[in-house]
Each structure stands twice: as C-alpha cells, then as structure tokens.
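Letters A, B, ... are given to chains in the order of the sequence lines, protein chains preceding strands, and every chain is numbered from 1. Model, not experiment: these values are computed from the prediction.
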Protein chains: 2
Amino acid sequence: MLTTTSEYAIRALVYIAQQGEDEPVLAREIATNTGVPGNYISKILRDLAHGGILTSTRGVGGGFKLARPAKQIKLGDIVTPFENVAHRNRCPFGNDVCSDDHPCGAHTHYKTVKNAYNKFLDKTTLQAVAQSQLRGPKKTRKKK
Amino acid sequence: MLTTTSEYAIRALVYIAQQGEDEPVLAREIATNTGVPGNYISKILRDLAHGGILTSTRGVGGGFKLARPAKQIKLGDIVTPFENVAHRNRCPFGNDVCSDDHPCGAHTHYKTVKNAYNKFLDKTTLQAVAQSQLRGPKKTRKKK
DNA sequence: TGGAAAGATGATTTTTTTATCAAGATATTG
DNA sequence: CAATATCTTGATAAAAAAATCATCTTTCCA
C-alpha cells in the first residue's frame, strides 16, 4: 500500500513531532529509534527538507525540525515527494480515462479503495498520528 | 495500490472470462488484447495455472480456460499468488503486533484503507468485473 | 582558527520487480 | 510420423527501488 520509503518518511516525521518543537532532532537518532537504515533516512530527510516539510540545520546542535506545526502537516504532504500520484490513481486496465462516466470493469469496486486511501492521506494529520502513537494502546481498562 | 503484475493478472482473467467458457484462449491473444507484454503474460498465466485458477492445454486448439466459473473467482484469488499478503497488512511502523488492542499511531486511520482493500479483493468476483467491463460506460441515456 | 559535529551530495551496490530470449515439452493434425 | 501450434521452463537482461559508502560543506565552540 504505502511504499517502504513513504513508510520511513512517516515514521521519521512522527518521531520528530514527538520530540517537541524546541530542539532539532538528529538524523542518527531518528534512524535508531524508527528502525530505518541510517544512510537511507538521511536522503529521505533531505528530500523532506527540500519539500518544505522539514527545516535542517548543520553543525553542533543541528538536526531536523518540522517546518510547520504537526497539525498542519497531512500524511499526504509527507508521502507525495516519494510517490507517483498519477500512478496511484491510474486505471488498472490501463485506460487513459477511467471515470464514473467512462468506467473500466473494476471501476466501481476499485474506487472505494482509492477513495479510502486518498482520504487517509488528505485528512490524517501528523499530529493525530504522533499523539495516538504516544498514548499507546487504547484507553480502556486493562484486561485481567 | 495493485502491483503491475497483479494488474496484469486481473486484466488477463477478465479477458478470458469474457471469451465464453468453450474454447481455450491463447496467451498471444490475451497479450494483444490486454496490452500486457507477451512473454511476461505467459509467466503470469503459468502461475495462475499452478495456483489452480486456470487450466492450460498445449498444442493446436490449446490455451487457457478458467478452472471454475467466473462467479466463483474472487479478485483476491487472482492476486494472492503475486502479492505478499503479510506485507500488505503489515504495520507501517514495523510493529510485530498492530491490532485494535495494540495499535500503532496510524492504526485507526490506516485501518480503513486496509479494510477497503481487503474487502475489494475478498468480495469482488471476476464475473462482476468482466460483466461491467462488457457493458461499457454506464447505462444512462447518452449525453447530448 | 582549527577540530568536531552535524547535514549534503554523488557514486556505487544490492535487491526486487518487470521484461525478454531461447530452447524445451506436449498435443494435434494431416 | 512429421510438421506445426501451443504452453513450459530456465537463463538473462533491464529498470526501479532500497541501501550503502565516501567525501564534501556548513556550523559551532573551545
């Protein structure tokens, strides 16, 4: 569903979001705590910085910070630099146009999946994910 | 969403389903009519045959036929030989367990996407796709 | 001002996916 | 039984994705 790279990007940003907004977070630290290969995360972070999601500072005390509040970052913003949106929404039958008016055979069925996915990316904020990640397992009384 | 290979498999089976149940369909013919690379479709067809979705016969008059009626084939049956189901349902945070009881931060949000996708694969029959593909654009009066 | 701490960058490698090629095995038909 | 049509198989190649490596630049601070 999500590509490996997109997943890594989300994990990294969630981690950063959880560290508070004061100090920049080190690439190395992100790698260690998210289980993403160190060198690879550097590229991803750089791309995210280029994309305006992160800001980076070098030297001692440097690292990565969110470019804007987590509430204003959608998961879609995070993954778009790494995913081909056209490819994601393409028709599985290779039709150039595949719309409600000119549907392929799978159109009505597949549409629900695409819609769910697009909604997931468009509506879910980084903050929402970072918060519930912190809260941990659901807030019911412990079993047993 | 769907991998290229899964897409090809679905296209091929839809095409076969549309050719009626009498005569086997040639690999070559499938390739031509679905836009799938000829040599590649052969492998896919072979895998589908191994997977019990198709039967194949060689020699003159040979080709591929559905192993059972299109109504009894789910899209999930078609793509499972080509997709890693575990991978599809894995947690984007790499957690071993990621359930309603032990959710990752994205769990509730991502779940809807997974559910939609799994439902698409589990519920949609080959027949449904093959039929609506045949019917073409939706059945309203022509515009204009 | 020079050394260490960061990120930035470009080249390279590895792995996976997609695609092609060529030579087989089997069935039909005349 | 020979020729042809078909699928089968294994080797290989090309492309894309994921991962690594080495080197560079910037920044801080003693």
Side-chain angles (χ1 to χ4, degrees), chain A residues 1-13 15-16 19 23-32 34-67 79 81-84 86-88 90 92 94, chain B residues 1-12 16 19 23-32 34-67 79 81-84 86-88 90 92 94:
Chain A
M1 206 77 73
L2 290 166
T3 66
T4 303
T5 305
S6 292
E7 241 185 63
Y8 288 170
I10 292 174
R11 286 196 215 173
L13 279 181
Y15 182 83
I16 295 171
Q19 305 316 305
E23 308 227 319
V25 186
L26 300 187
R28 190 166 9 97
E29 183 189 342
I30 298 169
T32 309
T34 58
V36 176
N39 293 92
Y40 200 47
I41 199 70
S42 289
K43 299 221 151 152
I44 294 173
L45 293 168
R46 190 230 305 166
D47 290 348
L48 289 167
H50 282 166
I53 308 288
L54 289 175
T55 58
S56 68
T57 47
R58 303 199 247 198
V60 179
F64 295 89
K65 292 173 61 174
L66 300 185
V79 309
F82 309 105
E83 297 207 346
N84 186 331
H87 183 261
R88 181 169 75 233
R90 81 194 179 291
Chain B
M1 204 78 69
L2 290 166
T3 67
T4 303
T5 305
S6 292
E7 241 185 63
Y8 287 171
I10 292 175
R11 287 196 213 172
I16 295 171
Q19 306 315 305
E23 309 226 318
V25 186
L26 300 186
R28 191 167 5 98
E29 183 189 343
I30 297 169
T32 310
T34 57
V36 177
N39 294 91
Y40 198 47
I41 199 70
S42 288
K43 300 220 152 155
I44 293 173
L45 293 168
R46 189 231 305 166
D47 290 347
L48 289 167
H50 282 165
I53 308 289
L54 290 174
T55 58
S56 67
T57 48
R58 304 200 246 199
V60 179
F64 295 88
K65 294 173 61 173
L66 300 184
V79 310
F82 308 106
E83 299 206 348
N84 186 332
H87 184 261
R88 180 168 77 235
R90 82 194 179 289

> Where along nucleotides 19-27 of chain C does protein come under 4.0 Å, by heavy atom, of base (B) or sugar-phosphate alone (S), with - for untouched nucleotides?
Replying inline: BBB--BBBB
Indicate every side-chain donor-acceptor pair of residues 36-53 of chain A with a distance under 3.5 Å to a residue at least two apart or in another chain.
from	atom 1	to	atom 2	distance (Å)
A:Y40	OH	A:T5	OG1	2.8
A:S42	OG	A:G38	O	3.4

Acceptor/donor pairs from residues 23-31 of chain A side chains to any protein atom, 3.5 angstrom cut, sequence neighbours excluded:
from	atom 1	to	atom 2	distance (Å)
A:E29	OE2	A:Y15	OH	2.5

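In this structure B:R58 satisfies the salt bridge (charged side-chain N to carboxylate O under 4.0 Å, His left out) test with no other residue, sequence neighbours excluded. Here A:T55 pairs with A:K65, A:A67 under the side chain to side chain contact (heavy atoms under 4.5 Å, CB included) rule; sequence neighbours left out. For the salt bridge (charged side-chain N to carboxylate O under 4.0 Å, His left out) test, residues two or more places apart in sequence or in another chain that qualify with A:E7 are A:R11, B:R90. The side chain to side chain donor-acceptor pair (under 3.5 Å) search around B:T57 returns none, not counting sequence neighbours.
Extent of DNA chain D lying under 4.0 Å from chain B heavy atoms, first and last nucleotide in 5' to 3' order, is D:dA5 to D:dA11.
In this model, the phosphate group of C:dG7 is not approached by any side-chain N or O of A:H50 to a distance below 4.0 Å at OP1 or OP2.
Using a 4.0 Å heavy-atom cutoff across all strands shown, B:V25 reaches sugar-phosphate atoms only and no base atom.
If you measure from atom CD1 of A:I41 to atom C1' of C:dA6, you get 16 Å, rounded to the nearest angstrom. Nucleotide C:dG7 holds its C1' atom 11 Å from the CD1 atom of A:I30, rounded to whole Å.
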